[in-house]
Amino acid sequence: MLKGKKIILGVTGSIAAYKAAILVRLLVKEGAEVKVIMTPLSREFITPLTLATLSKNPILVDFFDPEDGRWNSHVEIGIWADAYLIAPATANTLAKMAHGMADNLLLTTYLSARCPVLVAPAMDVDMFNHIATQENIRLLHSRGVHVIEPSSGELASGLEGKGRMQEPEVIVNSLKELFNKNLDTLGSKKKVRPLKVLVTAGPTYEPIDPVRFIGNYSSGKMGFAIAKAFAGQDHEVILITGPTSLDISHPKIRLIRVQTALQMHDACLEYFPSCDCAVLSAAVADYTPAVRAEQKIKRDKDYLHLELKANPDIASALGQMKTQKQVTVGFALETANERENAKQKLARKNLDFIVLNSLNEEGAGFNTDTNKVTFIDNHNKEIEFPLKGKEEVAQDILKKVYTYF
Ligand code: PMT
């Protein structure tokens with residue numbers, strides 16, 4: 001997919017610059033031709049020699065070659081490229097890109113580039129969350145720059161949070177996606193009328209007694225990313241979530257927190273009639289204890305038998321009540337016979353399409369920042385995607401939903 005593609009890799013001054021070496025190696029391995037532009041500061045983090053050796057091309061830093069005075073034409077490089085990937089992209093570079101500043105070769109090339117531009121931000125959690133950075137990212141995104149969302153985890157500062165540059169494999173997959181026919185299949189993000197979208201997220205907790213419950217490993221990340229994707233396009237979102245440590249504050253998102261499958265079911269049935277679409281990414285418990293013990297169960301026998309009864313199936317209930325104008329999207333989390341099971345769920349729950357993710361795929365499913373999904377619709381059309389950040393998976397879901405409106 002990347003064979004013969006001409007890629008500019010822009011490297012800025014971040015501790016994540018060391019990952020640029022892996023990125024270049026992966027891109028070259030895929031058959032791409034890579035030219036690297038570095039900001040002056042980035043040379044403190046990784047040597048130009050490393051990147052020149054791996055890319056098999058001289059590194060571009062200055063407007064002219066200090067040795068022989070030859071001009072490094074940013075216009076020519078910008079026109080040469082099929083894609084311009086800036087990874088890592090610091091808060092400083094993102095701010096300069098957003099405001100049209102041109103004080104180094106990486107930025108002048110950005111302003112001259114006619115190809116798609118991708119940025120993989122990398123910075124400390126507070127810098128990333130700062131309203132100035134968020135506004136800059138939003139501005140770039142609204143102008144068509146593809147933002148590869150950073151992941152969460154331990155940062156160079158020792159703090160924990162969002163700001164880690166995505167892994168090189170994920171970045172390469174995002175780039176592949178750009179050149180992938182799947183994009184054509186889904187179409188570009190066409191503009192649709194403002195929609196009202198119901199999204200479910202997270203696990204449900206089914207109480208056994210006052211201190212224990214049956215739950216699962218869902219973090220809510222997938223559902224929150226979906227809510228953000230729709231709200232980011234100005235759609236109104238009702239986000240109904242089971243217990244999660246995540247929080248979200250967005251003028252277009254109404255957050256409703258529930259605990260049990262029954263509570264999620266009741267909330268969904270209340271809000272769905274006024275919605276255009278429901279995206280059901282919650283990991284809803286299929287069974288709940290038949291009786292909830294009033295007091296904490298004592299450890300006074302070797303075996304304890306819990307009787308479980310089936311919870312209502314929310315997706316099926318919405319599938320039964322939906323009108324011709326409403327669209328329902330389900331998820332299938334599978335461990336075996338993935339496609340077969342997903343197709344059965346698609347039919348049984350009367351969904352318009354289902355998002356299959358398998359626990360057999362590394363980086364997919366519960367509590368990861370990434371997911372690897374396949375869409376299967378009720379015309380039996382399948383689209384298989386590479387591993388991506390959950391934010392990008394959410395964008396793909398948004399684009400697929402748009403094809404129904
Ligand atoms: O939250 P994360 O950590 O980011 O993880 C995301 C995820 C793995 C939870 C998500 O990607 C996912 O796969 N969600 C669906 C998990 C699931 O319960 O799958 P299922 O195959 O058991 O259910 C099929 C569909 O029916 C789902 O849309 C589910 O929401 C729905 N369902 C299931 C049971 C039930 N009683 N009511 C339902 O509506």
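These figures come from a predicted structure and were not determined experimentally. Throughout, residue positions are numbered sequentially from 1 according to the sequence presented. Ligands are counted one by one from 1 in listed order, and the atoms in each one are counted from 1 as well.
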**Request:** Let me know which of K390, K228, K162 forms a side chain to side chain donor-acceptor pair (under 3.5 Å) with E149.
**Result:** K162
**Message:** Check for me whether P312 has a heavy atom closer than 4.0 Å to any atom of ligand 1.
**Reply:** yes
**Asked** So, are D313 and R348 salt-bridged, with charged N and O less than 4.0 Å apart?
**Response** no
**Prompt:** Side chains of L198 and V279: closer than 4.5 Å at any heavy-atom pair?
**Reply:** no
**Item:** Numbered atoms of ligand 1 (with element) below 4.0 Å of S281, judged on heavy atoms
**Value:** 9 (C), 10 (C), 12 (C), 14 (N), 15 (C)
**Item:** Within-shell test, T200 vs ligand 1, heavy atom, strictly < 4.0 Å
**Value:** no
**Complete:** Residue, atom and distance of the protein heavy atom nearest atom 19 (O) of ligand 1 read L333 N, 3.5 Å
**Distance-only polar pair, side chains of T328 and K322, donor-acceptor under 3.5 Å** = yes
**Request:** Report, in ascending order of atom number, the atoms of ligand 1 lying under 4.0 Å from any heavy atom of A332.
**Result:** 21 (O)
**Request:** State plainly whether the residues K388 and E177 are in salt-bridge range, i.e. N to O under 4.0 Å.
**Result:** yes
**Asked** Is K5 salt-bridged to E30, going by a charged N under 4.0 Å from an acidic O?
**Response** no
**Complete:** One finds that the ligand 1 atoms under 4.0 Å from a non-hydrogen atom of L280 are 27 (C), 28 (O), 30 (O)
**Request:** Answer with side chain, backbone, both or neither: which part of N357 has a heavy atom less than 4.0 angstrom from an atom of ligand 1?
**Result:** side chain
**Request:** Examine the side chains of N360 and E338 and answer whether a donor and an acceptor come within less than 3.5 Å of each other.
**Result:** yes
**Request:** Around atom 22 (O) of ligand 1, find the nearest protein heavy atom and jot down its residue, atom name and distance.
**Result:** K345 NZ, 4.0 Å
**Asked** Looking only at non-hydrogen atoms, which of Y287, F224, F331 approaches atom 25 (C) of ligand 1 most closely?
**Response** F331
**Prompt:** Does the side chain of T109 pick up a donor-acceptor pair with the side chain of S112 at under 3.5 Å?
**Reply:** no
**Item:** Which of the ligand 1 atoms, numbered from 1, are nearer than 4.0 Å to a heavy atom of K221
**Value:** 1 (O), 2 (P), 4 (O)
**Prompt:** Does G202, backbone or side chain, put an N or O under 3.5 Å from an N or O of ligand 1?
**Reply:** no
**Item:** Contact check, H265 vs ligand 1, heavy-atom distance below 4.0 Å
**Value:** no
**Closest protein heavy atom (residue, atom, distance) for atom 37 (N) of ligand 1** = I314 N, 3.1 Å
**Prompt:** Which atoms of ligand 1 sit under 4.0 Å from any heavy atom of N367?
**Reply:** 2 (P), 3 (O)
**Request:** Please indicate whether any nitrogen or oxygen in T368 is less than 3.5 Å from any nitrogen or oxygen in ligand 1.
**Result:** no
**Item:** Polar proximity ligand 1 side, S219 side, N/O cut 3.5 Å exclusive
**Value:** yes
**Prompt:** How far is atom 34 (C) of ligand 1 from its nearest protein heavy atom, and which residue and atom name does that atom have?
**Reply:** D286 OD1, 3.2 Å
**Asked** Relative to atom 31 (C) of ligand 1, which among E334, M222, K349 owns the nearest non-hydrogen atom?
**Response** K349
**Message:** Show me which atoms of ligand 1 lie under 4.0 Å from any heavy atom of G220.
**Reply:** 1 (O), 2 (P), 3 (O)
**Asked** Does the pair K176/E169 count as a salt bridge with the N-to-O cut at 4.0 Å?
**Response** no
**Flag for T39-N104: side-chain donor and acceptor within less than 3.5 Å** = no
**Message:** With a 4.0 Å cut-off on N to O distance, would you call R339 and E384 a salt bridge?
**Reply:** yes
**Request:** Using only heavy-atom distances, determine whether the side chains of T204 and E206 contain a donor-acceptor pair under 3.5 Å.
**Result:** yes
**Request:** With atom 30 (O) of ligand 1 as the reference point, say which of A282, A201, A225 has the nearest heavy atom.
**Result:** A282
**Request:** Please write down residue, atom name and distance for the protein heavy atom closest to atom 18 (O) of ligand 1.
**Result:** A283 CA, 3.4 Å
**Per-atom contacts of ligand 1 with K390, taking only distances under 4.0 Å to non-hydrogen atoms** = 2 (P), 3 (O), 4 (O), 5 (O)
**Prompt:** Looking at K325 and D276, does any basic side-chain N land under 4.0 Å from a carboxylate oxygen?
**Reply:** no
**Asked** Can you tell me the protein heavy atom closest to atom 39 (O) of ligand 1 and the distance?
**Response** A315 N, 2.8 Å
**Item:** Atoms in ligand 1 with a heavy atom of G365 nearer than 4.0 Å
**Value:** 5 (O), 6 (C), 8 (C)
**Asked** Does F375 have K381 sitting over its ring (NZ/CZ under 6.0 Å from centre, angle to axis within 45°)?
**Response** no
